[in-house]
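The structure under discussion appears below in the form of structure tokens.
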Amino acid sequence: GKGEYDHFMHKEIHEQPTALAQAIEGRIDHGSGRIALEDFEPGTFEGIESVQLVACGTSYHAALYGSLALNAAGIRATALLANEYSVSAPPVDDDTLVIAVSQSGETADTLNALRQARASGARTLTLTNVVGSTAAREADDALFIRAGPEIGVAATKTFSSQAVMLLLLAQRLADDVRGEPHADLDSLLPELAAMPDRIDAILEASTADRVARRYADSESYFFIGRGLGFPVALEGALKFKEITYEHAEGFASGELKHGPLALVTPETPVFAIFTGEEDEKTLKNAEEAQTRGAPVVAVCPEDHRAVAVADDHLRIPETDADLAGLLANVQLQLLSYHAADLLDRPIDKPRNLAKSVTVE
Ligand code: M6R
């Protein structure tokens, strides 16, 4: 049941510290300081030359996050919309690892892409929450995010767990393929272990309800980020439109000036995500919107220079650039939740949507 919560979505947002602790549990070898993924002996991924991640919706945003982490670790990776795969798949061979990212493991579009990749000779892996799901059974290998059941149609805790698992997988792949994990592992591993506490801190002190109320009558909601903040901007907008029925869009910060800026007015709040990757550029992009009258809400740590510039602030604890976007995402989940609650939407079952989309 929902316990003390009015909605499963709110409950599942609050389950993220536990979900992430479960995802990481036993998967970091503290002796060697390396990633140990149960079924995958060291060397499992030797010979892999490139990775394609296929997914839909929120899982696609996690896949995009993962592709950036893989590229940063020196592995060629592309995130692809599973529903576009049949018409636009890049070439694959037996040195290609195709990773299906799917909470349910039953999404028809993702299964189709997985089957096509297998038939083309790629090696396949499913990252999912559901043991025994079709995608888990059909891929060569499966890796489980262990987030626990997610009932709300809006994916929340599973996004965080997928992204963290892809960060771990990126290090394992780099270890196997390049003979060494990504150089920053010494700082990343303790930061990963601290994620549950950091998310707890956000859940205890979030002002997302107040911010949601302040901007409740807006025309449109924009989310911007760069680097790992970009998939989070897309995810922030998807969650917002899915449960509030209000128009929302996510952009790469640098894209605003290439068109979307024409839409910006005092009625279009801009939520700017700062992850520590070229933040000065993102701040400049946000200020360009602010000059045109848009209120700017900075999602960043307390002592960040964006706080003084922005009209409002959603605070996240300091962490690695690899993880800051996931903390920002928790604030954006709460923002969408409270905005939808104010509008009295059926949060756990938005109109026209299903938890698991089993049609093409
Ligand atoms: O089960 P999956 O992860 O394959 O589902 C993919 C999408 O249908 C899903 O993430 C959808 O976008 C969510 N409702 C978004 O909150």
Side-chain angles (χ1 to χ4, degrees), residues 7-13 15-16 19 23 52-66 79-85 98-115 117 124-139 142-166 223 231-246 248-250 326 329-330 332-337 339-340 345-360:
H7 301 94
F8 281 108
M9 182 190 182
H10 206 206
K11 176 171 181 256
E12 287 156 6
I13 289 172
E15 283 171 349
Q16 288 177 114
Q52 297 176 1
L53 300 108
V54 294
C56 306
T58 290
S59 292
Y60 170 72
H61 299 147
L64 193 53
Y65 201 97
L80 300 152
L81 286 169
N83 35 67
E84 283 285 299
Y85 200 74
V98 174
I99 307 177
V101 184
S102 173
Q103 184 283 131
S104 62
E106 303 296 346
T107 301
D109 289 333
T110 308
L111 288 173
N112 287 343
L114 176 65
R115 287 168 184 157
T124 55
L125 167 69
T126 289
L127 180 66
T128 184
N129 197 28
V130 182
V131 177
S133 59
T134 308
R137 284 187 281 106
E138 290 194 10
L143 190 57
F144 299 101
I145 63 172
R146 308 176 187 156
E150 190 178 66
I151 311 292
V153 164
T156 51
K157 60 177 178 174
T158 55
F159 171 84
S160 300
S161 299
Q162 287 167 339
V164 160
M165 284 309 296
L166 288 170
F223 297 82
V232 174
L234 296 178
E235 173 57 10
L238 174 60
K239 212 93 307 172
F240 204 90
K241 69 184 85 163
E242 183 178 24
I243 61 165
T244 69
Y245 308 163
E246 295 293 313
E249 272 197 78
L326 302 183
N329 188 56
V330 174
L332 297 183
Q333 291 170 344
L334 290 167
L335 174 82
S336 290
Y337 174 78
R345 304 297 189 219
I347 293 180
D348 286 331
K349 281 186 185 300
R351 68 184 177 202
N352 310 338
L353 300 176
K355 180 63 181 165
S356 169
V357 184
T358 53
V359 291
E360 271 182 67

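Atoms within each ligand, like the ligands themselves, are counted from 1 in listed order. These numbers were taken from a predicted model, which means no experiment stands behind them.
Backbone and side-chain nitrogen or oxygen atoms of Leu238 are examined, and none is located within less than 3.5 angstrom of a nitrogen or oxygen of ligand 1. The shortest N/O to N/O separation between Val153 and ligand 1 falls below 3.5 Å. Considering backbone and side-chain atoms together, Ser102 places an N or O closer than 3.5 Å to an N or O of ligand 1.
Ligand 1 has at least one atom lying under 4.0 Å from a heavy atom of Ala154.
Using a cutoff of 4.0 Å between basic side-chain nitrogens and carboxylate oxygens, Glu246 and Arg345 are scored as salt-bridged. Contact check on Glu12 versus Lys157 returns no salt bridge, with no Lys/Arg side-chain nitrogen under 4.0 Å from an Asp/Glu carboxylate oxygen. Salt bridge present: Glu138 and Arg115 bring a charged side-chain N and a carboxylate O closer than 4.0 Å. Of the charged side-chain nitrogens involved, none lies within less than 4.0 Å of a carboxylate oxygen, so that Lys241 and Glu249 do not count as a salt-bridged pair.
At a heavy-atom cutoff of 4.0 Å, ligand 1 is contacted by no atom of Lys355, backbone or side chain.
Closest to atom 8 (O) of ligand 1 among all protein heavy atoms lies Val357 CG2, 4.0 Å. In this structure, the protein non-hydrogen atom closest to atom 9 (C) of ligand 1 is Thr58 N, 4.1 Å. At the shortest separation from atom 5 (O) of ligand 1 among protein heavy atoms lies Thr107 OG1, 3.5 Å. In this structure, atom 14 (N) of ligand 1 lies nearest to the protein heavy atom Glu242 OE2, 2.7 Å. Looking from atom 7 (C) of ligand 1 to the surrounding protein, the closest heavy atom is Cys56 O, 3.6 Å.
Val232 and Tyr65 make their closest contact through CG2-CE1, 4.1 Å (heavy atoms, listed as atom of the first residue, atom of the second, distance).
In this structure, the side chain of Thr128 does not engage the main chain of Ala136 through any donor-acceptor pair within 3.5 Å.
Below 4.0 Å from some heavy atom of Gly57 lie the following atoms of ligand 1, by number and element: 12 (O). For ligand 1, the atoms sitting less than 4.0 Å from at least one non-hydrogen atom of Lys239 are 15 (C), 16 (O), numbered in the order shown with element in parentheses.
Side-chain N/O atoms of Lys239 and Thr244 include no donor and acceptor closer than 3.5 Å. Checked by atom type, the side-chain pair Glu106/Ser133 shows no donor-acceptor distance below 3.5 Å. A donor atom on one side chain and an acceptor atom on the other are not found under 3.5 Å apart for Gln16 and Thr156.
Which of Ser59, Ser104, Ala354, Ala135 comes nearest to atom 1 (O) of ligand 1 through a heavy atom is settled by distance: it is Ser104.
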